[in-house]
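Since the structure comes first, as structure tokens, the remarks are kept for the end.
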Amino acid sequence: MFTGAVHQGPPQTDHSFTDLGLSEPIARSLDKIGFEHPTLIQAEVIPRGLEGADVVGLAETGSGKTAAFALPIIEKLLDGKGTRSLVLCPTREIALQTRSFVDAVGQEHGLRSACLIGGVKMGPQISDLRRKPDIVVATPGRLWDHYERKNVRLDQIAHLVMDEADHMLDLGFLPQIQRILGVLPVERQTFMFSATMPTTIENLARRFMSSPGLVDLRPKSLTASGIEHRLYLVRPDDTKACLLGLANEEKGSMLVFLRRKVDADWACRQLELKGHDVERIHSGRTQQQRVAALKGLRDGKHRILLATNVAARGIDIPIIEHIVNFGMPDAVEDYVHRAGRTARGAMKGTVSTIATWQDKEIIRMVEKAIGQSLPRCTIEGVEPWTERKQTIRGRKRLRRRF
Ligand code: AMP
């Protein structure tokens, strides 16, 4: 089942999908899953995609980019046979979500797909490949395994998508991506999507794409305007008490990012003991457990989901009221990316960060990037941390916030 169709989608344009050049049958399939009008990125990318142009799209998860690249490809795949399209994704979750969208629209037009992701058995994937899917959605590592075992042919690929390219590079997939690009036909259409445009991404575009058009829809303020930011500065020993306090005080759905698996396991146990409905996803959990945890949050089975950064990347959870950073993320991009999990469309959301004095540099960088200072907040029972400074003259003790 396609679980991506939600009532509260990203902001849409006034166009219709047929205005963009898509056929009536595809527009009807979109209507069935609740897509009435294209989003901004879809309005920009679909016509170029249908013309056969290469496109670099700079946009976050949540903008509707999956349909932006999938729809022109689906339209072009309606005639012909063999595996002609390849979508590379950074994580299993994104690959599964992309595949379910492709199936939701393509299946009734006879299109077949396969999803090649790690952490699950190869057998069923091999069976899917034997049925000669029109479109393969894959994480780079597992795709390369299949290619080396000659389970999949890539010599007919006419459309390639590199989704969340910056995250694929963060996760160390560059060598596999380069190998894959090396065996694909040179004559092809390539889409690349990324939330940021570092030099490595620019280089990939320059080397492997042909005069790509750029669609830059990065938000000007870097994060959605409906987001309320909160910063809880505490002593290192108080971070856990602060997390438990937040879980008690805040009643809505909550996605908590933690650095380490052990912290996620610890927090899960503690929150359960306090009577909260909670689940966790991290690399130590099986694929089935991760899918069940995400589904449970969507269905309201549990209110709180704990996730390590890598496991959570790009997951599409439609309604999250509260994002909690248990520890400041290592990079500004991560803060912005995580914040993108809330306040989608016209919704409001909160991003709370539990941090210590050790995070002060990255806090400054985030504040600069989002153009506002993070309001300092307190939680009952946890003493806020303030920096003590000695002045040279008078040796007076000053308390100040950095
Ligand atoms: P994406 O950025 O592709 O992950 O999409 C984010 C969310 O928006 C998903 O839940 C999609 O189902 C939803 N969505 C994307 N495009 C549309 C549209 N044109 N109309 C309604 N919902 C949409």
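The model shown is predicted, which means the values in this text are computed figures rather than measured ones. First listed ligand is number 1; within each ligand, the first listed atom is number 1. When a residue number appears, it is its place in the shown sequence, counting from 1.
- Under a 4.0 Å criterion applied to the non-hydrogen atoms of H37, ligand 1 contributes the atoms 18 (C), 19 (N), 20 (N).
- In this model, a donor atom of one side chain and an acceptor atom of the other lie less than 3.5 Å apart for S16 and D19.
- Polar contact check, F35 against ligand 1: no nitrogen or oxygen pair lies under 3.5 Å apart.
- Atoms CG and CE, from L297 and M254 in turn, are 11.5 Å apart once rounded to the nearest 0.5 Å.
- At most 12 heavy atoms of other shown residues, nucleotides or ligands fall within 6.0 angstrom of atom CD in E187.
- Taking the charged nitrogens against the carboxylate oxygens, K65 and E164 do have a contact shorter than 4.0 Å, which makes a salt bridge.
- Within the 4.0 Å heavy-atom cutoff, Q97 does not count among the residues contacting ligand 1.
- Among the candidates R84, R112, K81, the single residue satisfying the salt bridge (Lys or Arg N to Asp or Glu O under 4.0 Å) test with D134 is R84.
- Within ligand 1, the atoms closer than 4.0 Å to a non-hydrogen atom of T66 are 1 (P), 3 (O), 4 (O), numbered from 1 in the order shown.
- The distance from the OG atom of S253 to the CZ atom of R298 is 12.5 Å, given to the nearest 0.5 Å.
- Considering backbone and side-chain atoms alike, E36 places every N or O at 3.5 Å or more from each N or O of ligand 1.
- The residue among H15, K65, E164, Q12 with a heavy atom at the shortest distance from atom 20 (N) of ligand 1 is Q12.
- Here Q42 has side-chain heavy atoms under 4.0 Å from ligand 1, and that is the only part of it that gets that close.
- Heavy atoms from other residues, nucleotides or ligands lying under 6.0 Å from CZ of R260 number 12 at most.
- At a 3.5 angstrom cut-off on N or O pairs, P38 does not count as close to ligand 1.
- The distance from ligand 1 to the heavy atoms of F17 drops below 4.0 Å at these ligand atoms: 19 (N).
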